[in-house]
There are 2 protein chains.
Amino acid sequence: MRAPNDAFGAFVPGPPVFATGAATGPLAGLGFAAKDLFDVAGLVTGCGNPDWAASHPPARAHAFAVQRLLDAGATLVGRTITDEISLGLLGRNQFHGTPINPRAPDRLPGGSSSGSAAAVAGGLADLALGTDSGGSVRVPSSFSGLYGMRPTHGRISVTGLMTQSPSFDTVGLFARDPALLETAYGLVLDDKAIPGTIERVMIATDAFTIADAPVREALQPALAKLRAMLPAEDITLSEEGLPRWAERQRRLQQAEFSATFRDWIDAYNPRFSFEVGRGLALAALTAEMDLGAERAFRTNVRTEITDRLAGRALICLPTTPILPPLRGIPLSAMGEAGRRITELTGIAGLTGLPQISLPLGEAGGLPVGLSLIGWPGADEVLLRMAREWAA
Amino acid sequence: MRAPNDAFGAFVPGPPVFATGAATGPLAGLGFAAKDLFDVAGLVTGCGNPDWAASHPPARAHAFAVQRLLDAGATLVGRTITDEISLGLLGRNQFHGTPINPRAPDRLPGGSSSGSAAAVAGGLADLALGTDSGGSVRVPSSFSGLYGMRPTHGRISVTGLMTQSPSFDTVGLFARDPALLETAYGLVLDDKAIPGTIERVMIATDAFTIADAPVREALQPALAKLRAMLPAEDITLSEEGLPRWAERQRRLQQAEFSATFRDWIDAYNPRFSFEVGRGLALAALTAEMDLGAERAFRTNVRTEITDRLAGRALICLPTTPILPPLRGIPLSAMGEAGRRITELTGIAGLTGLPQISLPLGEAGGLPVGLSLIGWPGADEVLLRMAREWAA
């Protein structure tokens, strides 16, 4: 058991949190951190907001994923900072502080699983649990130079996890080492793997076009290597434009998280940063809209992309269209950054498909993630490919 | 100089604040409190929000009204809690705590000048400065059983006062004793009094109809006395309905306070209670609307009411349509209460007319305020009438 040296401000303020793992197992001797959305028995799950913590009782049991990692021998070395109630993609938290991005200390770490990414990137933990509803594992993976995956929706139990948007919420993991990521996912994924064989990769040119030039350029070497590894095909993912897909994804997610937090907000009038309070206020308006068209669209696009992948292909795209933004940018710039990010991260959110982010690019010293999206149940395939590519 | 015994949680948390008044003067020996929107030299004006306080420098001079009261011999005994950045009519503050209503400890004190009302109603100060943009002196006067006045817009200098909505902002005072209120206003009002002679009173039946039955009934004895004092006439103030007037008043005020806080919010992403954050987020949408029709309406209704008053008449109405709400009501009930209150308080806000609230009613032990609106510059007339009525 190691005392966390929290040089990167990754952990939730307060006394250190430990839970010792089993003496033997595939993760014996390793340390992991868990986002403050996962229950740890005896502690209040704070969800990155002090008023949430003050208005909820302690958890009675560990969350499913926490328990699995403990059983496999890993020790929980800390609970990590999240964007308030998991709403945010940049990693800012006005109550607990914004974790330092160990790979780019003047840049934001990405969120909402910001502290988990900082803990792993900074060597404070070997592994960390995060959640990804709209990009919250993939974005900090890219910004902090880590391997991280959003699994197929529904393949990891969310028992003991704070809900945000049920039809979007997934449990994700971060690691520096893709072999360790594969091992750890093997402990938490259900048995519904769809192995398939990767016969080709589809390069989503519309996703690359959306990205800023430094991101596109940073990914060219990895893309060249990918083209050498597999037959590659340039495709347009969305004829009507990824921004339109993202608009619908945001509306559907807003309606869900508005419903999640509505009663608590009405009872407690809690404090939020303006960014999060505004997001909740506008989401409440969205929740009153008829979203039948958005739901129908979601069903169609899921079927369409799953058919294109057909158990044989992957989609390649930049994880985010932008480099990690500077710390302390104004709110208006944060909003614009978040909006642009969801144009790429919204794809897997909408479709429920697994997406892995690989730390294979670099732009002026800043990490840039390349992403692969697989068919439903391709999680193991993506993890194996990441390991083999790194080897 | 007295140490403030803050039994009612009226003062801003932190070390006691004092400024000793002049040795002689009309207020010598008296104590006053000032809402945390008024500058006190050497201290940061906090505006009821810790992130505002943390991002602003100390004041270099006392606000105009604070200096005038000090010069007249009153001692500043404390700075009082306000609703966050003065947005609110019920007196809740999720950062500093909600002051106790000394007249109804299980009820809200009214706001946003909540602490000023609590300090005076609880005997911690003889007088207190507040501000009234949308009702923030009149509502706590009514809820806390005090004399309080919103002066004619522009008749008291706002130098050293935190701006909220410039075309609505006024400096107001609270007292238990109407003679003291008259003396204190005499020290801060400019020389543009329009004396006039009160020949009659117009009872705004539409305003009484809006009020809950207990409020209406509580005001009947005072109303009967008023009818005995002056020729009275039942009138309808608004043919189209006071709720429609209040909608326009809220839009105009929202656009102004959104502009006031926009740059600060963009730079700092400050924390607010959800209620206030939502108010600011929705106000930002209003600020983008074309409000030409609202502005024209405002000009017309000002002229129309001023013409009806004609320097000879007053309008009588309930200060608020509701009794002080219970502490701890849910946010949805707070929103509804605030909306209903502005249907009556919005009249003076829209028109810039002076309005005095007199603590002349009682409903089951709860204070109920009766209001008189006068013509522009009738401040002194209203204050004298309040004193003579009480005598």
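Since the model is a prediction, treat every value here as computed from it, not as a measurement. To find a chain, count down the sequence lines: A is the first, B the second, and so on, and within it residues start at 1.
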**Message:** Working to the nearest 0.5 angstrom, can you tell me the gap between E275(A) CD and D266(B) CG?
**Reply:** 11.0 Å

**Message:** Given heavy-atom pairs under 4.5 angstrom as the criterion, report whether the side chain, backbone, both or neither of F95(A) touches chain B.
**Reply:** both

**Item:** Minimal non-hydrogen separation, R271(A) against Q94(B), with atom names
**Value:** NH1-O, 3.1 Å

**Complete:** Nearest heavy-atom approach of F274(B) to I265(A) is CD2-CG2, 3.3 Å

**Message:** With a sphere of 6.0 Å drawn around OH of Y268(A), does it hold more than 12 non-hydrogen atoms of other residues, nucleotides or ligands?
**Reply:** no

**Test side-chain contact (heavy atoms from CB on, under 4.5 Å) applied to N269(A) and V276(B), I329(B), L331(B), the passing residue** = L331(B)

**Winner by heavy-atom pair count (cut-off under 4.5 Å) against chain A, out of P330(B), G277(B), A267(B), S273(B)** = S273(B)

